[in-house]
Amino acid sequence: MTAIRDLVRLGFPWEGFDPFLFTVHHVDGYPAGNAQLGPSVPLQGRNLGSDFSYLDGWSMYHGAVVPGFPQHPHRGFETVTVVRRGYVDHSDSLGATARYGEGDVQWLTTGSGIMHAEMFPLLDDRGGNPLELFQIWLNLPPESKMVDAYFGMLWSEAIPTVSPGPGVAVEAIAGRLGERIPPSPPPDSWASRPDTDFAIWVIRLDPGATFDLPPAEVGTNRTLYCFVGDAPTVAGTLVGPDIGARLDPTAGTRIDAGEAPAEFLMLQGRPIGAPVFQMGPFVMNSAEELRQAVDDYRRTQFGGWPWSRPDPVHERHEGRFALHADGRVEHRDRQPSPL
């Protein structure tokens, strides 16, 4: 009996399974940055404001000067942004702001409502500015839909990377792996509950390496998304860099890289099991709650926007840092990509 329950083709975004809503994998090969931290090349031919073209290997997304996602609202779920290469400048309606990247993770509980901006500053003005990130949308249970919004950082230095075998590296963003325990998720997250069997792991295998996933609990949803690889196998089944495998969480599952490096994102958690009503940036449990979300946003702007522009970025020389809503400041040095 195979450990694979189903195979899913990865589109844009990747399909999610309760408690996950979906995942977006951004990979952009940006050119050198200009004085405004945007691309130093002409932008003609791009639909600025909604450029998902990947023309020349990159997109502006909703940015007009700097690539990224200017001021926009959310309610009722969480965003987990895992930046593997490049940097993100964050600003929000709580008054929090940050620059993070090269292995850092931002975990945002949108709760009762927040506005934020996620811009991709091109800091190198002489060479290329590669960007790679996952943004994972994680649902909130009904009793947590209207909690206060929360901005949190998981700095790369605190995220454990485990080597359970030769040629294997597992970055445990959430969910214990052996004796290694990742930093705590936000307090109202589904991931913070001890009975949700929750995990977010990034798994890297060298050519010829194998890794046996440890078993999870009955009833847990576990999905393995392959995003790098030539001909890796999961439980003996050939997959590729555009395939996700939904797994039996209790079965032994061997991952084999084959003759080339392979990389996987594993998302795991006990289902919330509540109705999902989504309209763009709002994820609620009923149509009435969606209507209320829209009304509340129009009326309150979820606290308003305290920044002078919809697409704030920090100075080129600024390192990794976070200014939290309570005034607490964290500073980190710039660091080379961990990849």
Side-chain angles (χ1 to χ4, degrees), residues 13 15-24 72-82 90 92-96 98 105-116 118 134-154 172-176 181-201 216-217 219-223 249 267-304 322 324-326 328:
E15 184 178 0
F17 303 95
D18 192 2
F20 301 96
L21 298 164
F22 62 76
T23 297
V24 177
H72 57 282
H74 289 303
R75 172 181 276 187
F77 64 102
E78 296 186 286
T79 62
V80 185
T81 306
V82 181
H90 165 91
D92 65 38
S93 55
L94 300 175
V105 176
Q106 184 212 63
W107 200 313
L108 185 70
T109 303
T110 72
S112 60
I114 193 172
M115 285 198 292
H116 73 154
E118 303 157 290
F134 301 109
Q135 185 164 95
I136 302 161
W137 282 29
L138 169 63
N139 205 1
L140 284 166
E143 62 273 18
S144 301
K145 287 288 185 186
M146 296 296 288
V147 298
D148 291 340
Y150 181 92
F151 161 82
M153 286 300 311
L154 310 183
I173 295 164
R176 180 175 184 153
I181 301 174
S184 299
D188 294 301
S189 176
W190 188 245
S192 69
R193 302 189 183 194
D195 60 345
T196 58
D197 199 23
F198 191 91
I200 299 175
W201 296 347
E217 297 176 5
T220 293
N221 278 338
R222 170 183 270 184
T223 307
L267 301 182
Q268 171 185 300
R270 181 166 61 83
I272 293 171
V276 174
F277 283 72
Q278 179 180 353
M279 183 172 62
F282 307 133
V283 181
M284 306 305 292
N285 297 126
S286 69
E288 176 55 36
E289 289 177 350
L290 276 182
R291 286 191 290 269
Q292 188 64 55
V294 173
D295 290 345
D296 289 348
Y297 173 62
R298 289 172 176 167
R299 179 173 51 84
T300 70
Q301 296 292 291
F302 294 159
H324 293 263
D326 61 4
R328 180 170 53 94

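A 4.5 Å side-chain heavy-atom check between Ser189 and Leu138 finds at least one atom pair inside the cut-off. Inter-residue side-chain proximity for His72 and Pro281 is flagged as unmet; no heavy-atom pair is nearer than 4.5 Å. Contact check for Lys145 versus Met284: side-chain heavy atoms found under the 4.5 Å cut-off. Side-chain contact check for Ser93 versus Ile114: some heavy-atom pair is nearer than 4.5 Å. In this structure, the side chains of Phe302 and Arg75 come closer than 4.5 Å at one or more pairs of heavy atoms.
Taking CE of Met146 as the start and CD of Gln292 as the end, the distance is 7.5 Å to the nearest 0.5 Å. Rounding to the nearest 0.5 Å places CH2 of Trp201 at 11.5 Å from CD1 of Ile173. Between Thr81 atom OG1 and Trp137 atom CH2 the span is 10.5 Å, to the nearest 0.5 Å. Atom CG of residue Leu21 and atom CD of residue Glu78 lie 10.5 Å apart, to the nearest 0.5 angstrom. Here the CG atom belonging to Asp148 is positioned 9.0 Å from the CG atom belonging to Leu94, to the nearest 0.5 angstrom. Here the CG atom belonging to Leu267 is positioned 6.5 Å from the OG1 atom belonging to Thr223, to the nearest 0.5 angstrom.
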* In sequence, state the C-alpha distance, the side-chain angles, and the governing distance for Val283 and Phe277, and then conclude on side-chain contact (heavy atoms from CB on, under 4.5 Å). => CA-CA 6 Å; Val283 181; Phe277 283 72; over 6 Å; no
* Asked: Under the side-chain contact (heavy atoms from CB on, under 4.5 Å) criterion, do Glu217 and Arg270 qualify, and how do the steps go?
  -> CA-CA 8 Å; Glu217 297 176 5; Arg270 181 166 61 83; 5.8 Å; no
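Between the side chain of Trp190 and the backbone N or O of Phe20 there is no donor-acceptor pair closer than 3.5 Å. Using modelled atom types, one side-chain atom of Asp18 and one backbone atom of Ile272 make a donor-acceptor pair closer than 3.5 Å. Of the possible polar contacts, one joining the Gln268 side chain to the Asp197 backbone as a donor-acceptor pair under 3.5 Å is found. The main-chain N or O of Leu290 is never found under 3.5 Å from a side-chain atom of Glu288 such that the two would form a donor-acceptor pair.
The heavy-atom pair separating Gly113 from Ala149 by the smallest distance is O-CB, 3.8 Å. Taking each heavy atom of Arg193 and Ser144 in turn, the nearest pair found is NH2-OG, 3.6 Å. Summarising the geometry of Thr110 relative to Phe77, their closest heavy-atom pair is OG1-O, 2.7 Å, with the distance given to 0.1 Å. Pro186 and Ser192 make their closest contact through O-CB, 3.4 Å (heavy atoms, listed as atom of the first residue, atom of the second, distance). Minimum heavy-atom separation, Ala96 to Ala325: CB-N, 4.0 Å. Nearest heavy atoms, Pro271 versus Asn221: CG-ND2, 3.6 Å.
In this model, no donor atom of one side chain and acceptor atom of the other lie less than 3.5 Å apart for Gln106 and Glu118.
Proximity of the aromatic rings of Phe151 and His116 is defined here by a centroid distance below 6.0 angstrom, and this criterion is not met.
Using the six-membered ring where Trp is involved, Phe198 and Trp107 have ring planes that are tilted, between 30° and 60° apart.
The local environment of CZ in Arg299 is crowded, with over 12 non-hydrogen atoms from other residues, nucleotides or ligands closer than 6.0 Å.
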